[in-house]
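Let me begin by presenting the structure, written as structure tokens, before commenting on it.
Read the numbers this way: they start at 1 and go in the same order the structure lists the ligands and their atoms. Just so it is clear, the structure is predicted and the values come from calculations on it, not from any experiment.
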Amino acid sequence: MAPPRLTVIGGGFAGLTAAISAAESGAAVTLYEAHRTLGGRARTADAPYRTNEGAHALYNRGPHWPWLKQRGLLPPLATLPPLEATRMRFLHHGTLHRLPPLGMVTTLRRHRTAPVDQDFLSWASSKVGEPTARAAAHYVGVSTFHHDPGSLSAAFVQERLRRSTNLPAEAHYVAGGWGTLIDGMARHARDLGVRIETGARVETLPEDTPVIVATHLGSARALLKDDRLRWSSARAALLDLAIRTRRGDPFVVSGLDFPGWIERFTAPDPSLAPKGEQLLQGHFGIAPDEPRAAGIARAERLLDAGFPNWRERTTWRRESLSTGRTGAVDLPGTTWRDRPAIDRGHGVYLAGDQVAAPGLLSEVSFTSALEAVTLALAGGPRPPAHTHAHGASTRRTDQAAAPSGTRSPDRTSAQ
Ligand SMILES: Cc1cc2nc3c(=O)[nH]c(=O)nc-3n(C[C@H](O)[C@H](O)[C@H](O)COP(=O)(O)OP(=O)(O)OC[C@H]3O[C@@H](n4cnc5c(N)ncnc54)[C@H](O)[C@@H]3O)c2cc1C
């Protein structure tokens, strides 16, 4: 019997996860990626400054970790020296602190669950008082990228507070950047027989095979012509900076007066910048009506507090605006179950970080990809929507280049 066929659209973390998982189940998989390079939001820029698209960490309590490990796909990790681990700082009431306020982590962490229907700030205020609750909400800017995490569902924010304050720390650093992870997954997919076409933007869905649309939700909305494919996300100013090395610089400065996070990625992985320089990446949630400059001004407040003479030490700098690219956020009264469903009917399935699957950031892409494969392979051949079945229609996009250069264009969800 001929193996079941499957089309995957999108060669980011979700698409590659889906392709590997389906090929392991015996499917004949074709994956189309619009860009010349695979990886999507998990791409890493070429040297000399090997930036990810914003600060990226791989969380080891996520479901992707054991899956990658079992397949030998867990990439080499960069180790944070113990001294650097002590160099975490918090900007609170305008000054730098070594520890967050009492109760911000300890008291709030003790609650295993928080209500879905209430916003985090009012729930947390009832436990630790409003000032500490506000500091905690701002801290969770690290993994929500949101300008006002306190306004999101308490359950959603509490889960992220717990995950980002677990000890030992969950965050791990892929040596050489997330591109290393993607390269390994792509190699493995090809070894399993997956046909990967890059520079191939799909313009109409194939009608002869089940299809997993593993693109950003905005692209899926356009491809499926389905305006219901929407979910809330964040808007953030991103700042990438290289500065000359100075002993004693912090590893992280976290904003507690406002949501913001700046991390020195060369602390665990000096290979990310030329010798004698340090690579910093930061993100600052901004409100829908705020300009990017407002986020960058907040970034500079963290830099002024934590990195003496950073202006004079700067050797390279890049700013961008990230709109709707940092995954789903859940408003009060909603959970991941309310997001756009994976099964769209007629053999079409969604995978990505804004669809109905649990987890933190890329874990949502991962979990939805596995679920989409299970459903697609159980669903059998695609029921014909039209009288004449045909394959995916693609447009060659070989000229499409990954973001590079010293100043990237603003990145929006329409990729
Ligand atoms: C600033 C920032 C920081 C982040 N930090 C973290 C972090 O610390 N930890 C973490 O786990 N996650 C983090 N994330 C989230 C993580 O990057 C994403 O969740 C993950 O990379 C999404 O993968 P994906 O495959 O679902 O989507 P994408 O990476 O967007 O991949 C979709 C792919 O589909 C392609 N495509 C689109 N339309 C078409 C079409 N019509 N035809 C063919 N191909 C198409 C695109 O080119 C793209 O390559 C961060 C994201 C950002 C932006």
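- For atom 18 (C) of ligand 1, the candidate residues are D353, T198, L205, L181; the nearest heavy-atom contact is made by D353.
- Pairing each heavy atom of L321 with each of R235, the nearest pair is CD2-NH2, 3.9 Å.
- In this structure a side-chain-to-backbone donor-acceptor pair under 3.5 Å is present from Q158 to H111.
- In terms of N/O distances under 3.5 Å, ligand 1 is not approached by L238.
- Checking side-chain atoms of T30 against main-chain N and O of T7 turns up no donor-acceptor pair under 3.5 Å.
- With no hydrogens or angles considered, no side-chain donor-acceptor pair links W316 and D240 at under 3.5 Å.
- Among E203, E197, H56, E363, the residue whose heavy atom lies closest to atom 51 (C) of ligand 1 is H56.
- No part of A236 comes within 4.0 Å of ligand 1, judged by heavy-atom distances.
- Closest approach of L16 to G11, counting heavy atoms only: CD1-O, 3.9 Å.
- Close approach to T326 involves these atoms of ligand 1, each under 4.0 Å from a residue heavy atom: 1 (C), 2 (C), 52 (C), 53 (C).
- The backbone N or O of G295 lies less than 3.5 Å from no partner atom in the side chain of E290, so there is not a single donor-acceptor pair.
- Of all atoms in ligand 1, numbered sequentially from 1 with element shown, those under 4.0 Å from a heavy atom of A14 are 24 (P), 25 (O), 26 (O).
- Residue E33 places at least one N or O, backbone or side chain, under 3.5 Å from an N or O of ligand 1.
- For the pair S368 and ligand 1, no heavy-atom separation below 4.0 Å is found.
- With atom 12 (N) of ligand 1 as the reference point, the heavy atom nearest to it among L31, L360, L361 is part of L361.
- Judged by distance alone, the side chain of D269 and the main-chain N or O of G176 form a donor-acceptor pair under 3.5 Å.
- Put simply, part of H35 is less than 4.0 Å from ligand 1, judged by heavy atoms.
- Screening residues 340-350 for salt bridge (Lys or Arg N to Asp or Glu O under 4.0 Å), with sequence neighbours left out, gives D226-R344.
- The shell of residues lying under 4.0 angstrom from ligand 1, judged by heavy atoms, excludes G327.
- Close contacts between ligand 1 and E53 involve ligand atoms 1 (C), 2 (C), 3 (C), 52 (C), 53 (C) [criterion: under 4.0 Å to a heavy atom].
- Against a heavy-atom cut-off of under 4.0 Å, I9 is close to the following atoms of ligand 1: 40 (C), 42 (N), 43 (C).
- One option in G199, A214, A57, A34 has a heavy atom closer to atom 9 (N) of ligand 1 than any other, and that option is A57.
- Residue pairs satisfying the salt bridge (Lys or Arg N to Asp or Glu O under 4.0 Å) criterion with at least one member in residues 56-79, sequence neighbours excluded, are listed as follows: E24-R71.
- Geometrically, ligand 1 and R325 share no nitrogen or oxygen pair separated by less than 3.5 Å.
- Only the side chain of S219 comes within contact range of ligand 1, with a heavy atom under 4.0 Å; no backbone atom does.
- Ring planes of F90 and Y139: tilted class, angle from 30 to 60°.
- Across G324 and Q354, no two heavy atoms sit closer than the pair O-OE1, 3.9 Å.
- Considering backbone and side-chain atoms alike, L223 places every N or O at 3.5 Å or more from each N or O of ligand 1.
- Taking a cut-off of under 4.0 Å to the non-hydrogen atoms of G352, the atoms of ligand 1 that pass are 26 (O).
- Heavy-atom contacts of G54 reach the following atoms of ligand 1: 1 (C) (cutoff under 4.0 Å).
- Residue contact check: G39 has heavy atoms under 4.0 Å from atoms 29 (O) of ligand 1.
- Close approach to G40 involves these atoms of ligand 1, each under 4.0 Å from a residue heavy atom: 29 (O), 31 (O), 48 (C), 49 (O).
- Contact between V213 and A220 at its shortest, heavy atoms only, is CG1-CB, 3.8 Å.
- Closest approach of I196 and A189 over heavy atoms only: CD1-CB, 4.3 Å.
- Checking only distances, H64 never comes within under 3.5 Å of ligand 1, N or O to N or O.
- Residue A351 places no heavy atom under 4.0 Å from ligand 1.
- Closest approach of G177 and L272 over heavy atoms only: N-CD2, 4.1 Å.
- At least one N/O-N/O distance between R41 and ligand 1 falls below 3.5 Å.
- Only the backbone of A200 comes within 4.0 Å of ligand 1, judged by heavy-atom distances.
- Between R244 and E277 there is no salt bridge, since none of the side-chain N atoms of the basic residue sits less than 4.0 Å from a carboxylate O of the acidic one.
- The N/O atoms of F13, backbone and side chain alike, include one that comes under 3.5 Å of an N/O atom in ligand 1.
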